[in-house]
Amino acid sequence: ILEHRFPNESPERFSDMAAELVSINCDVLMGGAVSSSYLKEATSTIPIVFTNVPDPIGLKLVDSLAHPGGNVTGLSNFGRDLIGKRLQFLKEIVPKMSRVALLVNPDQQTTRIYIQETPPVAAELGLTIQVFEARSLKELDLAFEAMTAAGIQGVINSSGGSMFQWRSIIAKLAMVHHLPFCAFSRETFQDGALLSYGADQIAMCHHSALYVDKILKGAKASELPVEQPTSVEFLINLKTAKALGLTVPPALLTNANEVIE
């Protein structure tokens, strides 16, 4: 039996619903990038399986990836190389690009690792990163207006939570402001992003069920290593490229898992 709760990105609802699931004594708890921290705060005994968490060590969900150590384990969707590839592909399509926006929601704990790791990776490619914050849809509009005013030439964003919920609006705002946008998954790419490079999130969700199965059969969360991305998708939208007046190099098209004509 699967007991499902949807907090709708509200911190209070996350806390209340995590406590509720603990109170009904579920055998295993499952959470995404944002909810897993609330589940961890709610119980230190019920096993927790997370998925699509960018920084499980930094969020204090586990002691280490190889040896989680507590009642939490699961799958991470973050890798420094993933950010590097997103920026690299953007620059290959926009060779003169030098200033890139990192769009984040500062209220989400998962934002921290993106703000820490993106600038040094960008510097290796000769790019400068400027962080733009959005806690709401209204602030999202203002963030894109600020990007235009700052002379930004491309956009990437942090994963999870509100960024996933706003995926369609972000893609449309990027087009309105004539900004090439690289998404972080197939789901955040489908509404008109120029490209996407990231873990197959559907496959990760499916795989998280195997962790639950192992725990229900007696395995301890503390002894199940955290799995990092193994299946990565590279997607390109040529319709968006044409609308932006960009030419995608043939080598990128050859390497892409899927190209939308």
Side-chain angles (χ1 to χ4, degrees), residues 6 8-9 30-36 49-56 59 74-90 92-93 100-105 108-115 117-118 121-122 132 134 140 143 154-175 179-211 226-241 248 252-253 255-260:
F6 180 58
N8 197 26
E9 305 311 318
M30 303 180 74
V34 178
S35 60
S36 295
V49 174
F50 60 75
T51 187
N52 297 322
V53 170
D55 185 18
L59 291 173
L75 298 96
S76 170
N77 69 344
F78 179 85
R80 193 174 187 270
D81 57 323
L82 296 182
I83 293 177
K85 282 292 186 182
R86 288 171 197 152
L87 293 170
Q88 175 190 326
F89 292 151
L90 268 179
E92 287 186 34
I93 297 176
V100 181
L102 171 62
L103 180 65
V104 303
N105 181 344
Q108 292 182 182
Q109 292 178 311
T110 52
T111 292
R112 182 186 59 82
I113 192 169
Y114 286 91
I115 294 176
E117 295 292 341
T118 303
V121 175
F132 293 83
L140 195 59
V155 185
I156 63 172
N157 60 348
S158 58
S159 65
S162 53
M163 293 298 156
F164 184 85
Q165 278 197 337
W166 300 339
R167 59 193 181 278
S168 175
I169 299 167
I170 291 171
K172 289 173 182 174
L173 283 172
M175 287 297 296
L179 289 171
F181 167 49
C182 181
F184 57 82
S185 68
R186 177 180 292 273
E187 295 74 30
T188 53
F189 163 80
Q190 291 172 335
D191 289 299
L194 173 62
L195 63 145
S196 174
Y197 187 81
D200 183 339
Q201 297 198 138
I202 298 298
M204 293 181 74
C205 289
H206 290 168
H207 196 63
S208 67
L210 299 180
Y211 275 67
V226 173
E227 187 170 307
Q228 294 181 288
T230 55
S231 178
V232 178
E233 294 183 304
F234 177 31
L235 314 170
I236 299 174
N237 189 327
L238 288 181
K239 291 175 62 178
T240 299
V248 180
L252 288 187
L253 296 175
N255 291 330
N257 296 92
E258 185 176 325
V259 177
I260 294 178

Tyr197 vs Gln88 side-chain heavy atoms within contact, under 4.5 Å: no
Is the ring pair Phe89/Phe234 parallel, tilted or perpendicular, if the boundaries are 30 and 60 degrees? parallel
Glu258: which residues meet the side-chain hydrogen bond (donor to acceptor under 3.5 Å, both in side chains) condition with it, sequence neighbours left out? Arg186
Closest heavy-atom contact between Ser208 and Val49? O-CG1, 3.9 Å
Restricting to salt bridge (Lys or Arg N to Asp or Glu O under 4.0 Å), what partner residues turn up for Glu227, sequence neighbours left out? none
Please check this pair: side chain of Gln108 against backbone of Ser162, looking for a donor-acceptor N/O pair closer than 3.5 Å. yes
side-chain contact (heavy atoms from CB on, under 4.5 Å), that's the test. Do Glu233 and Phe189 meet it? Break it down for me. CA-CA 11 Å; Glu233 294 183 304; Phe189 163 80; over 6 Å; no
Flag side-chain contact, heavy atom, 4.5 Å: Gln201 against Thr51: no
Steps toward side-chain contact (heavy atoms from CB on, under 4.5 Å) verdict (Cys205, Asn52): CA-CA 8 Å; Cys205 289; Asn52 297 322; 4.1 Å; yes
Could you grab the distance from atom CG of Asn77 to atom CG of Asp200, nearest 0.5 Å is fine? 11.5 Å
Under the side-chain hydrogen bond (donor to acceptor under 3.5 Å, both in side chains) test, residues paired with Thr188 that sit two or more places apart: Ser185
Closest contact, heavy atoms only, Met204 versus Leu75: CE-CB, 3.6 Å
Stepwise, does the side-chain contact (heavy atoms from CB on, under 4.5 Å) test hold for Glu187 with Ile202? CA-CA 9 Å; Glu187 295 74 30; Ile202 298 298; 3.3 Å; yes
dist Ile169:CD1 -> Leu140:CG (nearest 0.5 Å) comes out at 7.0 Å
Please lay out, stage by stage, how Arg112 and Leu59 fare under the test side-chain contact (heavy atoms from CB on, under 4.5 Å). CA-CA 9 Å; Arg112 182 186 59 82; Leu59 291 173; 5.8 Å; no
Closest heavy-atom pair, Pro54 versus Ile113, reported as atoms and distance to 0.1 Å, is O-CD1, 4.0 Å
Which heavy atom in Pro180 sits nearest to a heavy atom in Leu194, and how many Å separate them? CB-CD2, 3.7 Å
Hey, is the main chain of Ile83 close enough, under 3.5 Å, to the side chain of Arg86 for a donor-acceptor pair? no
Would you find a donor on one side and an acceptor on the other, under 3.5 Å apart, between the side chain of Ser196 and the backbone of Leu235? no
The criterion is side-chain contact (heavy atoms from CB on, under 4.5 Å); which residues satisfy it with Ser36, sequence neighbours excluded? Phe50, Val53, Leu61
Separation between CD1 (Ile260) and CG (Leu195), nearest 0.5 Å, reads 11.5 Å
Tell me every residue that passes side-chain hydrogen bond (donor to acceptor under 3.5 Å, both in side chains) with Tyr211, counting only those two or more places apart in sequence or in another chain. none
Any side-chain heavy-atom pair of Ser158 and Leu103 under 4.5 Å: no
Please name all residues satisfying side-chain hydrogen bond (donor to acceptor under 3.5 Å, both in side chains) with Asn237, sequence neighbours left out, ordered by chain then number. Thr240
Using 0.5 Å steps for rounding, measure from the CZ atom of Arg167 to the CG atom of Asn157. 12.0 Å
Provide the closest heavy-atom pair for Ile156 versus Leu87 in the form atom of the first, atom of the second, distance. CD1-CD2, 3.9 Å
Closest non-hydrogen atoms of Phe181 and Ala171, given as atom of the first, atom of the second and distance, are CD2-CA, 4.2 Å
